[in-house]
Amino acid sequence: MRLLTPPGVAGVAVVLVLAEEREAALACLKTRNGAPWPHLPPGVPRLAMLEIDGTSVDEVLVVSHGNGTTELHLHGSPAVLATLRRRFVVQPASLPMEPADRLLLEALGPEQLELALEQRQWSFRGFLLELAAMSGSKRQIAMDEALQRSRAALAHVVPARLVLAGAQNAGKSTLFNRLLFRERVLTGPMPGLTRDAVAEQTTLAGYPYELVDTAGEGPCEAEVDREAIEVGRALRAAGHVLLVVDASRGPSAFDRELAERGAFVVANKVDLPAAPWPADMPCHLRTSCLAAGADTLRNEVGELLRASRRLPVAGRVGGPAALDRQQLADLESLRTSAEL
Ligand SMILES: Nc1nc2c(ncn2[C@@H]2O[C@H](COP(=O)(O)OP(=O)(O)OP(=O)(O)O)[C@@H](O)[C@H]2O)c(=O)[nH]1
Ligand SMILES: [Mg+2]
């Protein structure tokens, strides 16, 4: 069975019974008089009682389709669906959707919306056919331009992981909350406050990021704290790292190590008297996460990342571009075949 409506706590749930499940599903329906459900002509909605394991569950509307499938309109309570799931496999329906339409629905910010609207003007498949029909050198140039646009377009769609790292109490969770515009995680003066890594999506300078707040590095007595620090280390290995340093204490040996491995360095707490900052330690942003406005912080961090990832200003990319891995693979395979 396929659930055609989004999950929720109320309203109506519409479930599509597939042709192969029809007999089993109809066996669970009774007329209002308790008689077995008759085979009905398609298209006529009828009320029926749904019975699962001898228990009357719900009064449902039954709509048979000519192609052998049947719709059941249930009361949308999760309890009713849960009862149906005890007897049948109910999966969410996945409707085929063009990547540009998906982006239009899921856009986190105006830049993603603008890109989705731009890309909807073109048929990507039609564009591939146009490319395939071009002569050799012209096609190479057009394809290289499309791959260039696709790089920027995919960066609009696929969130890059950005892990906040640093010593305990440096201000990672404070920065995390500011970048999200809300108090998502606990902050406070007690070192080692954050234990579990928390991930949230947002856009910075128009590009999507999975922001991850992690446990700070520092002394820990409990096994659970050591594990939390290990999780942070593993997360850092698969993403960009935003290293938060408490500038009133200065960078630690661990901070210097992360900076050497390419982390973006934020010197935080510049509202307090500063400790010496070693000349060979990079610093990409000096700020006070407490005092700076969230907008300013988001812009500064976003621009820093955009420039270092060599991404153009977010928004339209100026021509058909791949918006998912499949489209990119199709584009690339056309280039490979052209090279043969
Ligand atoms: N003066 C000052 N205090 C700050 C600033 N940023 C954060 N703090 C304070 O520093 C303390 C620690 O902040 P957190 O964000 O919880 O630090 P953390 O890095 O997440 O710490 P752990 O979770 O223990 O690793 C809190 O009391 C914050 O209010 C800042 O820019 N200036
Ligand atoms: Mg924290």
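Remember, it's 1-based here, ligands and their atoms both numbered in the order they're listed.
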With a sphere of 6.0 Å drawn around CD of E98, does it hold more than 12 non-hydrogen atoms of other residues, nucleotides or ligands? no

Measure L272 to ligand 1 on non-hydrogen atoms and call it side chain, backbone, both or neither using the 4.0 Å cut-off. side chain

One residue to check: S173. Relative to ligand 1, which of side chain, backbone, both or neither has a non-hydrogen atom less than 4.0 Å away? both

To the nearest 0.1 Å, how far is atom 6 (N) of ligand 1 from its closest protein heavy atom, and which atom is that? N268 ND2, 3.2 Å

re atom 17 (O) of ligand 1, the protein heavy-atom contact at minimum distance is G171 N, 3.2 Å

Tell me, please, which residues at least two apart from E20 pass side-chain contact (heavy atoms from CB on, under 4.5 Å). L18

Residues E118, R149: salt bridge by 4.0 Å N-O rule: no

Please state whether the rings of F264 and H284 are parallel, tilted or perpendicular, taking 30° and 60° as the class boundaries. perpendicular

Run down the list T187, V270, T174, T194 and name the one with the heavy atom closest to atom 7 (C) of ligand 1. T174

Is it the case that N67 and T69 place a side-chain donor and acceptor less than 3.5 Å from each other? yes

Just let me know how D271 lines up against ligand 1, side chain, backbone, both or neither, with a heavy-atom cut-off below 4.0 Å. side chain

Could you tell me whether the side chains of D246 and S248 share a donor-acceptor contact shorter than 3.5 Å? yes

So that I can tick it off, tell me whether E59 and R32 are bridged by a salt bridge, with the cut-off set at under 4.0 angstrom between side-chain N and carboxylate O. yes

Provide, to 0.1 Å, the distance between atom 25 (O) of ligand 1 and the closest protein heavy atom, together with that atom's residue and name. K172 NZ, 2.8 Å

Carboxylate-amine/guanidinium contact R184 D213, below 4.0 Å: no

Report the hydrophobic cluster partners of L47, with the cluster defined as I, L, V, M, F, W, Y residues connected by side-chain heavy atoms closer than 4.5 angstrom, directly or transitively. L61

Contact partition for L175 relative to ligand 1, non-hydrogen atoms under 4.0 Å: neither

Any ion pair linking R233 and E217 (charged N to carboxylate O, less than 4.0 Å)? yes

Closest non-hydrogen protein atom to atom 3 (N) of ligand 1, residue and atom name please, with distance? L290 CD1, 3.4 Å

Which residue supplies the protein heavy atom nearest to atom 16 (O) of ligand 1, what is that atom called, and how far is it? G188 N, 3.1 Å

For R309, enumerate each residue passing the side-chain hydrogen bond (donor to acceptor under 3.5 Å, both in side chains) test, keeping only those at least two apart in sequence or located in another chain. Y209

Compute whether any side-chain donor of one residue and acceptor of the other, for S252 and D255, lie under 3.5 angstrom apart. yes

Is it true that the side chains of Q148 and D144 contain a donor and an acceptor less than 3.5 Å apart? no

Can you pull out the closest protein heavy atom to atom 11 (C) of ligand 1? Residue, atom name and distance to 0.1 Å, please. N169 OD1, 3.4 Å

Which ligand 1 atoms does G216 reach within 4.0 Å, using its non-hydrogen atoms? 25 (O)

Consider every N or O of P191 and every N or O of ligand 1, then say whether any pair is closer than 3.5 Å. no

T287 N/O under 3.5 Å from ligand 1 N/O: no

Is the closest heavy-atom distance from P189 to ligand 1 below 4.0 Å? yes

Could you tell me whether G192 and ligand 1 have an N or O pair separated by under 3.5 Å? yes

Under a 4.0 angstrom heavy-atom cut-off, which atoms of ligand 1 come close to S288? 30 (C), 31 (O), 32 (N)

Starting from the C-alpha separation in whole Å, work towards a yes-or-no answer on side chain to side chain donor-acceptor pair (under 3.5 Å) for R298 and T202. CA-CA 10 Å; R298 284 172 50 80; T202 190; 3.2 Å; yes

Using a plain distance cutoff, I'd like to know if K269 has any nitrogen or oxygen under 3.5 Å from a nitrogen or oxygen of ligand 1. yes

Around the Mg ion (ligand 2), how many protein N, O or S atoms are there at under 2.8 Å? 2

Is R261 paired with E257 through a side-chain N to carboxylate O contact shorter than 4.0 Å? yes

Hey, does A215 come in under 3.5 Å of ligand 1, counting only N/O atoms on both sides? no

